2 protein chains.
Amino acid sequence: MSSVPSEAATKVERSSLTDTCASGTGPCDEALARAFQFLGKRWNGIILGTLANGTSGFAELRRNVGGIADSVLAERLNELHEAALIIRSVDPGPPVAVSYALSPTGTALVPALQALGAWATSNLPPS
Amino acid sequence: MSSVPSEAATKVERSSLTDTCASGTGPCDEALARAFQFLGKRWNGIILGTLANGTSGFAELRRNVGGIADSVLAERLNELHEAALIIRSVDPGPPVAVSYALSPTGTALVPALQALGAWATSNLPPS
DNA sequence: AGCAGTAACTTTTTTTTTCAAAGCGACTTG
DNA sequence: CAAGTCGCTTTGAAAAAAAAAGTTACTGCT
């Protein structure tokens, strides 16, 4: 992981979630704050969960995620790519085609996402 | 759960995350969207993770979460309370004292939060 | 050839969300 | 009395997300 250049670290974000949480032994410690640096931004959890179903192009992902603005999807994909959670592959074509997939780091998140889904199934009323 | 009046359901949200996700058997299904209805809003994951360490008052929670605006914390606590993820208890005092704790629904989320923390520890660079 | 459609974004404007600061009433302490 | 804390509420500014239109590069159809 330390070999991945983290350009996100050079972008000073207001109220960075990585500065939050009392140091403790409980679930809310620095690690959880780091997880929510991504997951606490609208759409990231859903995007990663959708990509867990398999590789997608931009438009397919937009349709499968459902309800996200193009510009927000583009920005999220860039951030997730820069953080090495997803892999962006370009087929030069023609026609040019771009596909997105979970990286190993992103894939490692899937069991936790599954746990979240299981929790919601058991604990949240259907909308 | 079904005995809890869900006022959140009467508030039509634009781009509701519960309308997202292709139906599928993968992690991104309706259940995950429902989980991110809460967790995809900034601060909710951290708030729930902080409360997993034990009951807190408002000011203590604000300090322990770190970096959240009063007004946002107040609103988040109201939403989480309305969704029955937390319990709000009032000690009439004097002085009056309000405390917040995870409900059984909120508590059931803790293992998934722990999984997220473990993933971050193994997969995300320290900031 | 022109047209319409799709993909993968980008740009602009509008709307919503979050932030920062101040405020309020109810207390406690020195 | 003043100053501090608590648990919020209010206001206006800043940031993020949404909505809509746009661009380039194709493909397929008439």
Side-chain angles (χ1 to χ4, degrees), chain A residues 8 11-20 33 36-47 50-51 55-82 86-101, chain B residues 8 11-20 33 36-47 50-51 55-82 86-101:
Chain A
K11 191 174 196 178
V12 180
E13 289 185 2
R14 178 167 63 172
S15 298
S16 169
L17 286 178
T18 58
D19 294 332
T20 67
F36 277 100
Q37 188 177 13
F38 297 103
L39 299 179
K41 295 191 78 169
R42 189 151 186 186
W43 296 113
N44 272 344
I46 303 292
I47 289 167
T50 303
L51 285 176
T55 301
S56 280
F58 186 94
E60 183 181 11
L61 190 54
R62 182 186 58 221
R63 282 191 300 271
N64 288 337
V65 166
I68 185 171
D70 278 4
S71 54
V72 175
L73 180 57
E75 175 156 351
R76 290 289 178 279
L77 291 173
N78 283 333
E79 292 160 2
L80 292 170
H81 177 242
E82 284 173 6
I86 62 174
I87 294 163
R88 181 178 179 274
S89 308
V90 180
D91 175 359
V96 68
V98 182
S99 62
Y100 297 91
Chain B
K11 191 176 197 178
V12 181
E13 288 185 3
R14 180 168 64 174
S15 299
S16 169
L17 287 178
T18 59
D19 295 332
T20 67
F36 276 101
Q37 186 176 14
F38 297 102
L39 299 179
K41 295 187 79 169
R42 185 149 188 188
W43 297 114
N44 272 342
I46 303 293
I47 290 167
T50 302
L51 285 176
T55 300
S56 280
F58 185 94
E60 182 182 9
L61 190 54
R62 183 187 57 222
R63 283 191 299 272
N64 288 337
V65 165
I68 185 171
D70 277 5
S71 54
V72 174
L73 179 57
E75 175 157 349
R76 290 288 180 277
L77 290 173
N78 283 334
E79 292 161 2
L80 292 170
H81 178 240
E82 284 173 4
I86 63 174
I87 294 162
R88 181 178 180 272
S89 308
V90 181
D91 176 357
V96 69
V98 181
S99 63
Y100 297 91

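Because the structure is predicted, anything quoted here is derived from the model rather than measured.
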- Item | Closest to the A/Trp43 side chain, choosing from D/dG7, D/dA18, C/dA20 | D/dA18

- Inter-residue atom distance B/Leu73.CG - B/Ile46.CD1, 0.5 Å rounding: 12.5 Å

- Note on the structure: Taking for A/Asp70 and for A/Val96 the nucleotide of DNA chain D with the nearest heavy atom, the one nearer the 5' end belongs to A/Asp70

- Query: Are side-chain heavy atoms of A/Asn44 and B/Phe36 found at a separation under 4.5 Å?
  - Reply: no

- Item | d(CG, A/Leu61; P, C/dT6) in whole Å | 18 Å

- Gap between atoms CD1 and P, on B/Ile46 and C/dC19 respectively (whole Å): 12 Å

- Message: Could you tell me how far apart A/Glu75 (CD) and D/dA19 (C1') are, to the nearest whole angstrom?
- Response: 16 Å

- Is a side-chain N or O of A/Asp91 found less than 3.5 angstrom from the main chain of A/Ala97, in a donor-acceptor match? no

- B/Arg42 vs D/dA15: side-chain N/O to OP1/OP2 distance below 4.0 Å: no

- Within this structure, what is the CG-to-C1' distance between A/Leu73 and D/dA19, rounded to whole angstrom? 15 Å

- Query: Among the nucleotides C/dT18, D/dA17, C/dA20, which one has an atom lying closest to any side-chain atom of B/Ala69?
  - Reply: C/dA20

- Task: Starting from P on D/dC8, measure out to CG on B/Leu80 and report it in whole angstrom.
- Result: 13 Å

- Message: Nearest heavy atom decides the nucleotide; on that basis, is A/Tyr100 or B/Arg76 closer to the 5' end of DNA chain C?
- Response: A/Tyr100

- Message: Mind checking if A/Val98 touches a base, just sugar-phosphate, or nothing, with heavy atoms under 4.0 Å?
- Response: sugar-phosphate

- Does A/Asn78 offer a backbone N or O that forms a donor-acceptor pair with the side chain of A/Arg88 under 3.5 Å? no

- With the side chain defined as heavy atoms from C-beta on, A/Arg62 is closest, among C/dA7, C/dC19, D/dA18, to C/dA7

- Query: Nearest-Å distance, NZ (B/Lys41) to P (C/dC19)?
  - Reply: 12 Å

- Message: Under a 3.5 Å distance rule, please check whether B/Arg42 uses its side chain to pair with a backbone N or O of B/Ile68 as donor and acceptor.
- Response: no

- Task: Could you walk me through whether B/Arg63 and B/Glu60 pass the salt bridge (charged side-chain N to carboxylate O under 4.0 Å, His left out) test, one step at a time?
- Result: CA-CA 5 Å; B/Arg63 283 191 299 272; B/Glu60 182 182 9; 5.7 Å; no

- Look at the side-chain N and O atoms of A/Arg63 and state whether any lies under 4.0 Å from the OP1 or OP2 oxygen of C/dA7. yes

- Query: Looking at B/Val98, B/Val72, B/Ile47, which hits side chain to side chain contact (heavy atoms under 4.5 Å, CB included) with B/Leu77?
  - Reply: B/Ile47

- Rounded distance in Å - CG (B/Leu77) to P (D/dT9): 11 Å

- Query: Which residues in residues 87-95 of chain B have at least one heavy atom lying under 4.0 Å from any atom of DNA chain C?
  - Reply: B/Pro94, B/Pro95

- Taking CD1 from A/Ile68 and P from D/dA17, how many angstroms apart are they, rounded to a whole number? 9 Å

